[in-house]
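Order of the sequence lines fixes the chain letters, A, B, ..., with proteins taken first and strands second; residue numbering starts at 1 for each chain.
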4 protein chains.
Amino acid sequence: MSPAEIIQRRRRKEARPQELLDAALSLFVEKGFAATRAEEVAALAGVSKGTLYLYFPSKEELLKAVISHFLVARITEGAELAQRFEGPRAQLLRGMLIDWWTDLYESPASGVFKLVITEVRNFPEIAEHYAREVIEPAHQMIGGIITQGIARGEFRQVDVSTAVHSLVLPLVMMCLHRHSLGACPQDWHLDPRAFIEQHVHLVLDGLCAAQGASPSPTASPTNP
Amino acid sequence: MSPAEIIQRRRRKEARPQELLDAALSLFVEKGFAATRAEEVAALAGVSKGTLYLYFPSKEELLKAVISHFLVARITEGAELAQRFEGPRAQLLRGMLIDWWTDLYESPASGVFKLVITEVRNFPEIAEHYAREVIEPAHQMIGGIITQGIARGEFRQVDVSTAVHSLVLPLVMMCLHRHSLGACPQDWHLDPRAFIEQHVHLVLDGLCAAQGASPSPTASPTNP
Amino acid sequence: MSPAEIIQRRRRKEARPQELLDAALSLFVEKGFAATRAEEVAALAGVSKGTLYLYFPSKEELLKAVISHFLVARITEGAELAQRFEGPRAQLLRGMLIDWWTDLYESPASGVFKLVITEVRNFPEIAEHYAREVIEPAHQMIGGIITQGIARGEFRQVDVSTAVHSLVLPLVMMCLHRHSLGACPQDWHLDPRAFIEQHVHLVLDGLCAAQGASPSPTASPTNP
Amino acid sequence: MSPAEIIQRRRRKEARPQELLDAALSLFVEKGFAATRAEEVAALAGVSKGTLYLYFPSKEELLKAVISHFLVARITEGAELAQRFEGPRAQLLRGMLIDWWTDLYESPASGVFKLVITEVRNFPEIAEHYAREVIEPAHQMIGGIITQGIARGEFRQVDVSTAVHSLVLPLVMMCLHRHSLGACPQDWHLDPRAFIEQHVHLVLDGLCAAQGASPSPTASPTNP
DNA sequence: CATGAATGAGACTTCATTCAT
DNA sequence: AATGAATGAAGTCTCATTCAT
């Protein structure tokens, strides 16, 4: 047996879980967990049905592994990036939300949002994990930047949590859209990067505006 | 059979499709289409398995009927409401997005967003219908108000489509959240109405601000 | 719909569980539980795979039902028979073990012994049920007769439990044999009724013999 | 590789088949052939799945080897023992059935009875082999002793074949019991050696009794 | 010789749908 | 119109067996 062959074999064996996770992510996001057959996942990963079960004890465990796997690394990476930047908070926010998020949007990992939305109620263990490992740190990261901006006088004294959601939720929606309507042929394909940029600027305008120019919040046409 | 019973029976018979649609919406949103059994829908509607098939030719047609049914009426109702209001566009926007949307958020119809996100890729006919009957008119309605506001000098000259998305996508996300993580016990239950109000104000601040005070959009920490 | 058809349909539905139990007993005894496919059972009962699962929640539950079902009625029936008989205990024993047991031997119920022997260790719940519902009452019944016989002076003062086993175990073995080697073509088909009669007489001879004529139990050729 | 290691390895290699047979006997008897996985057998023998197939071409052949292997040596050994003994036939019988059988009962080989009962109908080749190599010689051996005893005037003129069965079948049942109900925790653990002794004495009492004291065989309570 | 990764036929079980009542 | 027993295609998972190392 040649060393090359050993390496070849060993590399395949070690690469299997990742290949299966990639295949599973792709199919679960496209068709949903229940509508994806285990054999399809195996086939997309280039192995047989049985091999899938050598690496994951059940389809459900595969789902949990997929959800655990793809976002965590990106989140910590983003948090480190934020830590290192010293300039104005508005500029940092723009960097995080535009560059870092655009990367995420374009990677398969963006499908995890759809997967979580779709499957949490069927697999409640997912909720806790996702809240702790993804939402919590991401919220801390963005919220921390805004809090710093307020402290430095860059931003108005807004409700931090709301501001985080206003900034981030449209971006999450973009990810969901990418893997639902956005994947349908007749879609009007809006440019994600352009939208992200403009959205971030629009909300930052709201954050930075020195004088709260908006009218009183209580008046409304249907509730006079 | 007394006349009262005849009326009772006739009324039930006429109400059947609605009861089945309600039951189907509830279960499809909670568990997903594929993971919901036809018999469960029938049971929740208080009829037997066979009866479901008297009113809908298949589970898939039931899904399509659910998606068609719940949002259309609300959209046209909202559009009429908007048409009648004469005051400032900012005030109208607030009214639409706060009162009208909060109603929607709290009704079971809000689950349709999750259903569409989840199922479009498996049933492409849904995409076309949803785009034409829901997204299009809703976007027209909000976009029209913003365009009027710009024309009247109330709003800055922003990209209308982006502004619509920035306003609406977080609200859609709230609906998705309500039927996914928000339905899990360990969730941190943020107050939807409060968030909606603050979000709309924040973005309107960005829209109304006379001078674009935000820094140059090209500088970013990771893309110097 | 004709009344006859209703009855026909209703009768079939009510008869299903029994038909399935009969089929399952036959196949489980012949091939063993693990080697019998659920679909075979259904086919032998004249229904489809799915129908089996309308009546039994799993193959394992079907096994338990089979074991519970077939012996209990016979045991109580035998106990009643014994209760009613007034004559000599030796004659009663002969009646029970020859007539009643020959019936059992020739019925499919005799297969349950093989099934229990084979499957108790895989399904421990079976053990308790079988011990309580079958062994216990049957042992009581035979043991009671012998005890009475000793009290009346018909039998020698032997160990009752051993006598019960000496009488009954060969008969159980006959049942096992019938469904194992006895079912193989090359078997030497000994006549079960003849053997049962002679065996019962032989052991009764041991029981009745007025004087213990057998040599001392401690001497043996390999253990001097 | 040191000479010691070579010897060690060679010894292991030669011992493999026996180790695999031991492991297979143990598991097949406990769980049944169909419910035992080949890998379990290998693991219990301390080798890998693949190694099993170096020594036995299939799981089925392993079963046949197990059944062939364990009883034959004991039978011939017993037959030789019987040949050498010169004393009274009753004493010889007691020796054979008590000492020799108790040994067998306590060894793993006793499980073969269960295995045969369980599997003959699925693997008919087993029947012929078992009848020729086990039943036939054992029956000859015990039957021969009884025939000699009758010839010598030690025993009454009974049906030899029945007497053999009456003596032996309870002992076989004891072996079956040991590996089925007897292995369940809630069992009433009767003492096998005590039972065997008493049973042999009881039946020998029937054999030796000078006068057939038992009542006429035709009268029975249910068949008057 | 020995290993254990890989395969794929096959078993159990579910569930959308039909149809006799 | 309503029911629910019956069906059988299809999906998940197991495991005997092979073969490259």
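Which of dT12(F), dA5(F), dT17(E) sits closest to the side chain of S58(B) comes down to dT17(E). Proximity note for L54(A) (side chain, C-beta onward) versus dT3(E), dT3(F), dT7(E): the nearest is dT7(E). Out of dA6(F), dG10(E), dA16(E), the shortest distance to the side chain of A38(B) is found at dA16(E). Which of dG10(E), dT3(E), dC12(E) sits closest to the side chain of K49(A) comes down to dG10(E).
Atoms CZ (F28(B)) and C1' (dA16(E)) sit 12 Å apart, rounded to a whole Å. Following rounding to the nearest Å, F56(B) (CZ) and dA16(E) (P) show an atom-to-atom distance of 16 Å. The separation between L62(C) atom CG and dC12(E) atom P is 11 Å, rounded to whole Å. We find that CZ of F33(D) is positioned 10 Å from C1' of dA16(F), with the value rounded to whole Å. Rounded to an integer number of Å, the gap from L52(D) CG to dC1(E) P is 15 Å. Rounded to an integer number of Å, the gap from CD of E39(D) to P of dA2(E) is 17 Å. We find that CD of E61(A) is positioned 15 Å from P of dT12(F), with the value rounded to whole Å. Counting to the nearest Å, the P atom of dG11(F) and the CG atom of L63(A) are 18 Å from each other.
Panel note: side chain E40(D), backbone R37(D); a donor-acceptor pair is recorded below 3.5 Å. Using modelled atom types, no side-chain atom of H179(C) and backbone atom of V29(C) make a donor-acceptor pair closer than 3.5 Å. Counting only distance, with no hydrogens or angles, the side chain of S26(A) and the backbone of D22(A) share no donor-acceptor pair below 3.5 Å.
Base-pair partner of dT18(E): dA5(F) (Watson-Crick or G-U wobble, both distances under 3.5 Å).
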Assess whether side-chain contact (heavy atoms from CB on, under 4.5 Å) is satisfied between H129(A) and I126(A), documenting all intermediate values.
CA-CA 5 Å; H129(A) 175 271; I126(A) 291 174; 5.9 Å; no
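Phosphate contact (OP1/OP2 of dA2(E), side-chain N/O of S48(D), threshold under 4.0 Å): absent. For the OP1/OP2 pair of dA2(E) and a distance below 4.0 Å, the side-chain nitrogens and oxygens of R16(D) include at least one atom meeting the criterion. Residue Y55(B) places at least one side-chain N or O under 4.0 Å from the OP1 or OP2 atom of dA2(F). Contact check, Y53(D) against dA2(E): no side-chain N or O comes under 4.0 Å of OP1 or OP2.
Residues A34(D) and E60(A) both approach DNA chain F. Their nearest nucleotides, taken by heavy-atom distance, put E60(A) toward the 5′ side. A residue-by-residue look at P57(C) and P57(B) shows that P57(C) has its nearest nucleotide of DNA chain E further toward the 5' end. Map G50(B) and R37(C) each onto its nearest nucleotide of DNA chain E; the residue landing nearer the 5' end is R37(C).
Using a 4.0 Å heavy-atom criterion, one finds that K59(C) contacts the sugar-phosphate atoms exclusively.
Closest non-hydrogen pair, K114(B) versus I117(A), comes out as CE-O, 3.4 Å.
Side-chain contact between L62(D) and L21(D) is present, with heavy atoms from C-beta onward closer than 4.5 Å.
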